[in-house]
Number of protein chains: 2
Amino acid sequence: MNVTATIATVDALDPIVATDHHAKLGRKRDFTRDPEILEAALDVLAETGYDGMTIDMVAKRAKAGKATIYRRWPSKAELIIDAVACMRKNNLPAAELPDTGTLRGDLVALIKPHSIEEGDRKFQIMAGVLAMISQAPELAEAANVAIIQPRAHANVLLMQRAIDRGEISADCDIQTLALVTPAMIAHRILILRKPINREFLLSLVDGVLLPAVGLARP
Amino acid sequence: MNVTATIATVDALDPIVATDHHAKLGRKRDFTRDPEILEAALDVLAETGYDGMTIDMVAKRAKAGKATIYRRWPSKAELIIDAVACMRKNNLPAAELPDTGTLRGDLVALIKPHSIEEGDRKFQIMAGVLAMISQAPELAEAANVAIIQPRAHANVLLMQRAIDRGEISADCDIQTLALVTPAMIAHRILILRKPINREFLLSLVDGVLLPAVGLARP
DNA sequence: TATATACGATACGCTGGAGTTCCGGATATC
DNA sequence: GATATCCGGAACTCCAGCGTATCGTATATA
């Protein structure tokens with residue numbers, strides 16, 4: 001493993017991530033390569049896991065030289081931390097949530113083929129990241145913010161709207177309930193190694209979430 | 001990583017785990033060392049994760065020589081697979097479940113300080129194991145059987161009893177609900193990196209499980 | 001066209017850990 | 001007590017992968 005370098009805080013990585021840590025920067029610099037390299041790193045991470053992943057794989061996938069990568073990130077560990085931290089920027093704005101008029105309609109509307117396979121890749125990345133979380137705890141925070149939080153937050157918003165319109169009781173524990181879906185998905189992918197499909201997600205909605213808020217159970 | 005050796009199936013490891021794979025076994029052999037080595041392997045795995053774990057650490061912890069370990073297991077990977085597969089034998093018999101007369105009483109009775117810290121170690125082991133799951137899928141099965149299944153099975157039994165005595169409806173999705181607790185615990189330990197405490201487990205019982213089966217929510 | 005810089009590609013040194021081998025000592029059988 | 005075998009300990013080999021250094025090339029400035 002070897003995580004010796006000082007690791008920047010997650011928030012500090014926000015605006016522009018890769019900075020030439022070798023300091024004496026010349027004049028020009030191809031900033032368009034950064035996202036491509038980070039995306040390649042996430043691909044390799046999702047496919048092979050952290051310890052199976054090598055910098056050469058990332059370089060080859062990004063059609064970049066290994067030196068180019070090390071010119072921007074001081075170590076393999078920081079490259080991955082950066083890559084995970086940057087994922088959250090690709091999340092769709094929370095304003096564009098479905099609004100069907102019923103909680104069940106909203107929750108089911110979240111189940112789209114696109115979001116299923118996208119979510120699958122995200123949790124594969126999560127699996128790769130878990131290996132080094134014990135040595136870089138802030139990576140857990142980054143992964144949580146990038147992968148779990150968006151889903152949980154969407155659930156909170158949908159349930160809060162259901163409360164506001166009087167569809168469900170106001171004393172539901174929506175903070176805990178919002179985590180059920182991500183946690184069950186993570187468990188199914190990481191441990192059970194079963195794929196996520198529409199049937200599974202529907203069983204969560206109709207077998208857990210809706211009953212728990214007092215809907216669809218007489 | 002390097003998982004090249006052929007990996008035995010989980011079930012084949014059941015009765016006596018470590019067999020001298022170097023075949024030509026002499027006459028005597030200290031079989032009492034096997035469990036100690038496996039236990040040491042689990043300890044190191046829980047503390048440092050898979051890639052941080054070295055065979056020397058395991059040998060030192062078990063006060064054994066590295067050669068002794070390699071005399072019994074052909075590789076680091078198989079040692080870990082064996083160690084995880086053997087965990088399930090330490091599970092208490094399912095017959096000794098609490099029986100308080102109510103579902104809530106039974107579920108709360110499962111929350112004991114002992115089972116909390118024991119569970120904590122188990123999920124730390126799970127975290128260490130996740131790193132190599134992608135390369136040894138049967139390890140996922142072993143970990144699932146040893147760590148998740150016992151908890152899920154206990155929940156199924158308690159809920160089935162509640163159905164039988166007419167406390168809750170028979171059309172509850174108890175198979176899915178039984179997985180909520182282990183999944184949420186795994187998520188909290190592996191990703192959130194927060195400790196498990198009584199308050200958290202109570203919020204699962206009172207905020208998710210009981211409402212979902214139609215109890216304690218008017 | 002001349003200069004400067006970053007790029008991709010490649011070769012290299014170095015390190016840590018897997019797995020092997022060897023040895024002295026302990027233990028049990030006869 | 002002699003023999004045989006396993007044990008703990010340690011030194012050893014081997015290799016994959018990190019990180020560095022070098023080189024030819026592409027591109028942009030002047």
Side-chain angles (χ1 to χ4, degrees), chain A residues 1-7 18-37 40-41 44-45 48-81 128 131-132 135-136, chain B residues 1-7 18-37 40-41 44-45 48-81 128 131-132 135-136:
Chain A
M1 177 78 73
N2 194 13
V3 184
T4 52
T6 305
I7 292 172
T19 55
D20 194 325
H21 62 284
H22 291 155
K24 47 201 77 172
L25 174 63
R27 221 147 303 159
K28 32 185 186 169
R29 154 91 181 281
D30 189 359
F31 283 99
T32 67
R33 300 293 327 207
D34 285 17
E36 299 176 25
I37 295 174
V44 178
L45 182 63
T48 68
Y50 175 78
D51 50 348
M53 161 183 178
T54 68
I55 298 293
D56 296 86
M57 291 184 194
V58 180
K60 190 160 291 184
R61 165 88 57 144
K63 282 190 260 298
K66 197 159 62 159
T68 303
I69 294 179
Y70 277 102
R71 205 171 291 128
R72 297 159 191 240
W73 292 275
S75 71
K76 174 183 173 183
E78 294 217 31
L79 169 65
I80 293 180
I81 292 174
M132 64 176 293
Q135 310 194 17
Chain B
M1 178 78 76
N2 193 18
V3 184
T4 53
T6 306
I7 293 172
T19 55
D20 195 323
H21 63 283
H22 291 155
K24 46 202 79 171
L25 174 62
R27 220 148 302 161
K28 35 185 186 169
R29 155 92 181 280
D30 188 0
F31 283 99
T32 66
R33 300 291 313 174
D34 285 18
E36 300 176 23
I37 294 174
V44 177
L45 182 63
T48 68
Y50 175 79
D51 51 346
M53 162 185 177
T54 69
I55 299 293
D56 296 86
M57 290 184 195
V58 179
K60 189 159 295 185
R61 164 91 55 146
K63 283 190 258 299
K66 196 159 64 159
T68 303
I69 295 180
Y70 277 102
R71 206 172 289 130
R72 298 160 191 237
W73 292 275
S75 69
K76 173 183 173 182
E78 295 217 31
L79 169 64
I80 293 180
I81 291 174
M132 63 176 295
Q135 309 195 19

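Numbers restart at 1 for each chain; the letters A, B, ... are given by sequence-line order, proteins then strands.
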Rounded to whole Å, the CD1-P distance (B:I55 to D:dT13) equals 21 Å
A:W73 CH2 to D:dT20 P, in whole Å, measures 15 Å
Heavy-atom nearest pair, A:W73 first then A:E78, reads CD1-O, 4.0 Å
Taken to the nearest whole Å, CD1/A:I69 to C1'/C:dA6 is 15 Å
Using a heavy-atom cut-off of under 4.0 Å over every strand shown, decide if B:M53 touches base, sugar-phosphate, or nothing.
sugar-phosphate
Would you tabulate the pairs of protein nitrogen or oxygen atoms and nucleotide nitrogen or oxygen atoms of nucleotides 7-13 of chain C closer than 3.5 angstrom?
residue : atom : partner : partner atom : Å
C:dC7   : OP1  : A:R72   : NH2          : 2.2
C:dC7   : OP2  : A:R71   : NH1          : 3.0
C:dG8   : OP1  : A:R33   : NH1          : 3.2
C:dG8   : OP1  : A:K63   : O            : 3.3
C:dG8   : OP2  : A:G65   : N            : 3.4
C:dG8   : OP2  : A:T68   : OG1          : 2.7

One should read off an interatomic distance between A:R33 CZ and A:K63 NZ, to the nearest 0.5 angstrom, of 8.5 Å
In whole angstroms, the gap separating P of D:dC6 from CG of B:D34 amounts to 13 Å
In terms of heavy-atom contacts, B:T48 and B:G52 come closest through OG1-C, 3.6 Å
In whole angstroms, the gap separating P of D:dG17 from OH of A:Y50 amounts to 13 Å
Across all chains, not counting sequence neighbours, the side-chain contact (heavy atoms from CB on, under 4.5 Å) partners of B:A40 are B:V58, B:R61, B:A62
Rounding to 0.5 Å, atoms CD1 (A:I37) and CZ (A:R72) come to a distance of 5.0 Å
From CE of B:M57 across to P of D:dA10 the rounded distance in Å is 17 Å
A:E78 atom CD is separated from D:dC18 atom C1', nearest whole Å, by 15 Å
Margin query: I'd like to check A:T68 versus A:R71 (side-chain heavy atoms, cut-off strictly below 4.5 Å). Are they in contact?
Written below: yes
note: A:Y70, atom OH; D:dT22, atom P; distance rounded to Å ~ 18 Å
